[in-house]
Amino acid sequence: MGVVEGGRERAREGGRERAREGESKRGREGEREGGREGGRESGNEQVQGIMTYQFLLDNSRSTVSPSTGAVLKAEGLYKSFVLHHQGGTCIPVLEGVSLTVHAGECVALQGPSGSGKSTFMRSLYANYRIDQGSILVKHQNEWVDLPRLQPHQLLKVRRYTIGYVSQFLRVIPRVSALEVAAEPLMDLGVEPEDAYDKIRHLFTQLNLPERLWHLSPTTFSGGEKQRVNIARAFSVNYPILLLDEPTSALDAANREVVMQLVETRKAKGCAMVGIFHDDAVRERVCDRVLQF
Ligand code: ADP
Ligand code: MG
């Protein structure tokens with residue numbers, strides 16, 4: 001692992017006043033977790049999708065990436081939470097955080113619990129709305145500013161460009177682990193049997209017992225849910241992957257599988273941002289650190 005980068009400019013105390021009206025009113029429950037919303041795309045979008053399709057579904061060990069250089073640029077992010085039901089208390093969390101990530105590198109977010117790592121990562125997936133700053137993402141060869149996209153544009157960026165392993169899997173009763181994990185592939189128009197094949201392969205790699213594949217993950221252990229979440233996000237070759245503590249509930253053998261998945265993806269040119277509670281994992285897969 002390389003240089004430690006000072007990501008924070010705590011230059012201005014003003015972050016405190018920056019909470020956006022209406023946004024934080026929703027509080028913790030109101031924020032969205034992961035991109036399951038939205039339906040299938042229209043014919044036009046499908047045509048555009050096909051251009052990136054091969055790369056997104058590439059299983060080969062090819063190291064050729066359609067992108068080189070920077071693919072993600074977060075600049076001067078500010079984010080506060082206002083607790084409207086608790087006397088309007090304002091919690092400034094991000095105060096001028098910047099980060100540029102290049103294809104093929106993994107940047108670790110490191111810092112004490114509560115320092116804003118997950119908030120930053122959720123902002124990079126537009127789950128949280130930032131108060132100030134820009135998040136430029138290279139999407140299908142064009143730069144887009146994530147916080148300023150219309151909802152349908154954001155869905156496309158999530159479908160084709162950014163994958164996200166959230167800390168907790170969002171599960172729905174009666175939807176099987178296979179279906180939960182295959183959803184991103186299906187959204188790309190992959191035939192169900194091909195999508196399920198790919199997920200079965202990933203589940204096998206991740207040692208998820210076969211008896212669980214057709215059950216809803218609602219009753220799964222933390223580590224089992226985590227592996228469904230990992231299979232879901234790694235099933236597509238996203239150019240950018242965000243990993244929020246993907247190995248926190250895994251045993252050593254499965255941690256090793258995840259580290260290999262991360263290394264393979266990096267070699268293919270995927271740009272990653274990761275929060276890893278485990279020092280050994282961070283040391284091995286990350287190229288540099290953004291300190292919180
Ligand atoms: P980390 O991932 O570094 O442990 P978080 O980003 O989860 O930290 O949290 C940073 C701070 O922001 C904490 O004080 C936390 O309580 C607060 N916070 C995070 N999400 C919300 C939310 N949705 N509403 C209110 N406060 C939040
Ligand atoms: Mg966190």
Side-chain angles (χ1 to χ4, degrees), residues 1-28 30-33 69-84 86-103 105-139 142-149 153-154 157-158 161-162 164 166-167 239-245 271-277 282 286-292:
M1 189 155 52
V3 204
V4 173
E5 189 178 292
R8 273 196 156 177
E9 313 150 15
R10 292 185 171 275
R12 282 185 276 172
E13 269 299 295
R16 226 163 279 268
E17 273 79 52
R18 274 189 199 90
R20 207 185 264 181
E21 251 326 282
E23 185 265 334
S24 326
K25 276 192 183 126
R26 288 177 291 151
R28 197 176 273 281
E31 309 277 8
R32 288 168 293 158
E33 175 81 43
V71 291
L72 175 65
K73 291 190 224 173
E75 287 167 3
L77 301 200
Y78 284 80
K79 167 79 184 163
S80 304
F81 293 103
V82 179
L83 307 177
H84 289 273
Q86 296 182 67
T89 305
C90 179
I91 307 170
V93 180
L94 306 179
E95 298 182 283
V97 182
S98 299
L99 174 68
T100 297
V101 191
H102 295 80
E105 72 169 345
C106 181
V107 180
L109 310 183
Q110 194 175 5
S113 176
S115 60
K117 304 179 298 295
S118 293
T119 299
F120 179 65
M121 194 166 276
R122 286 175 178 164
S123 303
L124 296 182
Y125 199 62
N127 264 354
Y128 282 169
R129 223 181 311 170
I130 52 170
D131 302 328
Q132 194 180 312
S134 64
I135 301 168
L136 301 175
V137 172
K138 193 88 162 275
H139 170 67
E142 275 178 32
W143 287 102
V144 295
D145 191 4
L146 208 64
R148 283 157 194 96
L149 293 180
Q153 296 171 307
L154 175 61
V157 173
R158 287 176 173 178
T161 303
I162 310 181
Y164 172 49
S166 57
Q167 231 167 335
I240 300 170
L241 256 185
L242 310 173
L243 310 170
D244 195 344
E245 306 215 16
M272 300 198 181
V273 180
I275 303 170
F276 299 100
H277 74 297
R282 189 170 48 243
C286 295
D287 303 288
R288 59 196 169 92
V289 166
L290 176 67
Q291 196 67 47
F292 277 74

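- Panel note: side chain T100, backbone K73; no donor-acceptor pair is recorded below 3.5 Å.
- Using modelled atom types, one side-chain atom of D287 and one backbone atom of C106 make a donor-acceptor pair closer than 3.5 Å.
- Taken to the nearest 0.5 Å, the CG atom of L77 stands 11.0 Å off from the OG1 atom of T119.
- Atom CD1 of I275 sits about 4.0 Å away from atom OG of S118, to the nearest 0.5 Å.
- Panel note: side chain K117, backbone Q110; no donor-acceptor pair is recorded below 3.5 Å.
- Between K79 and R129, the closest heavy-atom pair is NZ-O, 2.9 Å.
- To the nearest 0.5 Å, the span separating CG on L146 from CD on Q153 amounts to 10.5 Å.
- In plain terms, the two heavy atoms of L243 and M121 that are nearest each other are O-CE, 3.5 Å.
- Residue P147 comes nearest to I130 through the heavy atom pair CG-CD1, 3.7 Å, listed as atom of the first residue, atom of the second, then distance.
- When every heavy atom of S98 is checked against every heavy atom of G76, the shortest pair comes out as OG-N, 2.9 Å.
- Closest approach of Q86 and T89 over heavy atoms only: O-OG1, 2.8 Å.
- For the atom pair CD (E75) and CD1 (I135), the distance works out to 10.5 Å, reported to the nearest 0.5 Å.
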(message) Go through it in stages, so that I can follow the logic: the residues are V144 and T161, the test is side chain to side chain contact (heavy atoms under 4.5 Å, CB included), and I'd like the CA-CA distance, side-chain angles, deciding distance and then a yes or no.
(response) CA-CA 11 Å; V144 295; T161 303; over 6 Å; no
(request) Apply side chain to side chain contact (heavy atoms under 4.5 Å, CB included) to the pair V82 and C90, showing each step before the final yes or no. (result) CA-CA 4 Å; V82 179; C90 179; 4.3 Å; yes
(message) Quick one, R148 with S134, criterion side chain to side chain contact (heavy atoms under 4.5 Å, CB included). Give me CA distance, side-chain angles, the key distance, then yes/no.
(response) CA-CA 8 Å; R148 283 157 194 96; S134 64; 4.2 Å; yes
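- Residues that satisfy the side-chain hydrogen bond (donor to acceptor under 3.5 Å, both in side chains) test with H102, not counting sequence neighbours, are E105.
- For the side chain to side chain contact (heavy atoms under 4.5 Å, CB included) with V273, the lone residue among I162, L241, L99 that qualifies is L99.
- H139 places none of its side-chain heavy atoms less than 4.5 Å from the side chain of P239.
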(request) Evaluate the side chain to side chain contact (heavy atoms under 4.5 Å, CB included) criterion for residues R158 and Y164: first the C-alpha distance (whole Å), next the side-chain angles of each, then the deciding distance (0.1 Å), finally the verdict. (result) CA-CA 9 Å; R158 287 176 173 178; Y164 172 49; over 6 Å; no
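- Smallest separation of non-hydrogen atoms from R288 and V101: NH2-CA, 4.1 Å.
- The ring-ring contact (aromatic ring centres under 6.0 Å, His included) check on F276 picks up nothing, with sequence neighbours excluded.
- Separation of atoms CG (L94) and CG (D131) is listed at 8.5 Å; rounding is to 0.5 Å.
- Taken to the nearest 0.5 Å, the OG atom of S113 stands 13.0 Å off from the CZ atom of F292.
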